[in-house]
Amino acid sequence: MSIQENKFQAIISHAKEYGFVFPSSEIYDGLSAVYDYGPNGSELKKNIRDYWWKSMTQLHDNIVGIDAAIFMHPTTWKASGHVDNFSDPMIDNKDSKKRYRVDHLIEAFADKLKEQGDEGEKKAGDLLAEMDQLLAKDDYAGLKQLIETNKISCGISGTCNWTEIRQFNLMFDTKLGSISEEADTIYLRPETAQGIFVNFLNVQKTARMKIPFGIAQTGKAFRNEIVARQFIFRMREFEQMEMQFFVRPGTQKEWYNFWKEERLKWHLSLGIAKEKYRFHDHAKLAHYADAALDIEYEFPFGFKEVEGIHSRTDFDLKNHQEYSKKKQQYFDNDLDENGKPYGNYIPYVVETSIGLDRMFLLILSEAYEEEMITKDDGTTDSRTVMHIPAKIAPTKLAILPLTKKDGLPEIATELMNDCKYSFKCFYEEKDAIGKRYRRQDAVGTPFCVTIDHQTKEDQTVTIRHRDSMLQERIPMSKVKEIVLAAIQ
RNA sequence: GCGGAAGUAGCUCAAUUGGUAGAGCGAUAGCCUUCCAAGCUAUAGGUUGCGGGUUCGAUCCUCGUCUUCCGCUCCA
């Protein structure tokens, strides 16, 4: 475990040192649980996003994309259930410093009452009924009163020395409109999915989609996590890559299983070992789901969720129909077993939702290696190498003239100009060649090409492979196609 | 948010009982022209996290604060 923890620390340091991830606003001591992506990080993140986007919208002809706004009409979040389910009243015991969710605290007390026979059973029922009423009214003073009159105590300290009840709202809000008194409160979206749901009919009609079909979207989402830690794993501002797949009611289970397998295939297509992944089925389901699972990856700090597959039923569309008073129905012309069209219905939804930042951390965790190598003369040496899959590596090709004289930089520049329209290249003529190789290893560049004096004679160059460190002599004219073949 | 630990150059770390900060690596410029980091020269880089207090004098003692790490609490 401690080796793994050290590895995680090493990855965080490496990420900062080589321009992948910086703490946000670092010169002002940082902002907790917010991070910025540097030059290499922003390339890698973009490449992961593009790879996902392409696999969804280009390789599936029944999936189209949208880019909905972060700001949405406030009613959206009432319909989605987030306003009610996204805030929990909390209370702290002053002696034990333990924090409880108010409803959990009272429910636990009620469970104890129930064990005391019929009379306790009745008391517990009354208590819970009263709690529900107070919760519905957001009456925190009343809830505290309820705790005090029932002498509900802390399990650790045994005292009833409680703080005031406080509300932890997990959605960020802001004001729309410049004069704050007249402005409406709106939320920063806590998930991108609702932008897809409210556009369901717009997309279905304008892109002439037939069920089953999907809508994909990537974008920022915001959650006011009480504790946000573990580097970029849990951030307050993060990016999601979501796809909502609309299906005929009754077929959701089959599509749920389809996407479960399909999404795992996507992960494995990046060359990551199957053993690093596992499925985790949710026993306790969210308010909108009839089935849910996580795709978990073994991070240095244990198996954690990277992606979720949720069978969201018709919960969202049905609620949007109710709140907006706009029909969210789809007319299905396909014929059922009786030869009649399926007709009007509100589709069911299967969601795939992956955290881009988590995927980024997954790639870093998977790629990072401190390698011990034995040199030809028997001495040992170490190198830090990022085995980032070539197709998402920040830089694809480093072009290195062996020396900065004798016309070698000119030839290298020519190659650079030939390749830079096709993929991201990096040019460097400083320092010994070995040092330059190591620098490229550290940022995960899969290929280095060295131009030497022989290049002037026969137009060949040395191409050096990052993972194996093997070198081969190839015609300079082949460089572009070799790299292109590796990144597609 | 609570408890514990830590914070000195980009990184890793020094600095005697309190006497106003050094090294290695890295970076930059140049030399060398070398196919797997650690040849040579030079340069830059610090209000010791920040702010008070004690003291003639604080990196060191003390208080507060911020950040990070570990453990709790929350995570639709």
Side-chain angles (χ1 to χ4, degrees), chain A residues 1-2 5-6 8-10 12-14 16-19 22-33 77 80-101 104-105 154 156 163 166 168-171 190-191 193 223-231 233-234 236 282 284-289 292 301 305 308 310 312 315 353 371 373 375-376 379 381-385 400-406 408 429-442 448-454 461-466 468-473:
Chain A
M1 192 62 191
S2 67
E5 287 293 336
N6 289 343
F8 188 44
Q9 291 311 315
I12 294 170
S13 303
H14 190 85
K16 189 184 165 200
E17 190 172 355
Y18 289 93
F22 307 125
S24 165
S25 320
E26 199 186 7
I27 62 167
Y28 294 110
D29 282 334
L31 184 62
S32 185
W77 307 110
S80 70
H82 287 85
V83 171
D84 292 331
N85 289 301
F86 237 52
S87 61
D88 299 312
M90 314 281 287
I91 193 165
D92 293 1
N93 184 274
K94 289 179 185 167
D95 299 313
S96 66
K97 311 288 187 196
K98 278 274 176 190
R99 171 171 299 159
Y100 296 88
R101 258 174 69 168
H104 289 179
L105 183 69
C154 166
I156 307 289
T163 62
R166 287 180 292 176
F168 284 77
N169 196 334
L170 301 182
M171 283 199 287
E191 63 173 17
R223 296 181 190 180
N224 200 1
E225 307 279 357
I226 294 171
V227 169
R229 270 192 208 156
Q230 286 174 313
F231 194 41
F233 186 81
R234 175 162 290 131
R236 299 211 161 95
H282 285 207
K284 210 178 111 197
L285 295 169
H287 60 273
Y288 51 71
F301 45 89
E305 175 190 0
H310 291 231
R312 294 183 74 131
F315 177 89
S353 173
E371 199 177 63
I373 44 185
K375 292 197 279 197
D376 293 342
T379 59
D381 191 6
S382 71
R383 69 162 183 158
T384 301
V385 52
L400 315 169
L402 191 60
T403 76
K404 41 182 142 169
K405 285 186 189 161
D406 305 328
L408 301 186
E429 55 187 34
K430 198 178 141 42
D431 288 327
I433 193 69
K435 204 171 203 172
R436 282 181 271 170
Y437 285 158
R438 295 303 170 85
R439 274 202 282 258
Q440 292 310 307
D441 289 340
C448 294
V449 154
T450 301
I451 285 90
D452 60 13
H453 294 90
Q454 195 187 327
V461 295
T462 307
I463 189 164
R464 181 261 194 188
H465 299 265
R466 177 194 66 203
S468 63
M469 295 172 74
L470 292 176
Q471 308 185 84
E472 46 182 332
R473 194 91 205 167

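In this text, all values refer to a predicted model and were calculated from it rather than measured experimentally. Proteins get letters first, then strands, A, B, ... in listed order; numbering begins at 1 in each.
For H14(A) (side chain) and A442(A) (main-chain N/O), a donor-acceptor pair under 3.5 Å exists by modelled atom type. For R223(A) (side chain) and R234(A) (main-chain N/O), no donor-acceptor pair under 3.5 Å exists by modelled atom type. No donor-acceptor pair under 3.5 Å is formed between the side chain of R383(A) and the backbone N or O of R438(A).
Distance from the side chain of L402(A) is smallest for C35(B) among the nucleotides G26(B), C35(B), U33(B). Taking only side-chain atoms of K405(A), from C-beta outward, the nucleotide of C69(B), C11(B), U33(B) with the closest atom is U33(B). Among A27(B), C35(B), A29(B), the nucleotide with an atom closest to any side-chain atom of K430(A) is A29(B). With U33(B), A29(B), C35(B) as the choices, the nucleotide that has an atom nearest any side-chain atom of I433(A) turns out to be C35(B). In the set C35(B), G30(B), C75(B), C75(B) carries the atom at the smallest distance from any side-chain atom of R234(A). Between U33(B), A37(B), C36(B), one nucleotide has an atom nearer to the side chain of T403(A) than all others, and that is U33(B).
Across the strands present, A6(B) finds its partner in U67(B); the criterion is a Watson-Crick or G-U wobble pair with both atom distances under 3.5 angstrom.
In this structure, M469(A) atom CE and C36(B) atom P are separated by 9 Å, rounded to whole Å.
Judged by closest nucleotide on RNA chain B, I451(A) is the one of I451(A) and H310(A) placed further toward the 5' end.
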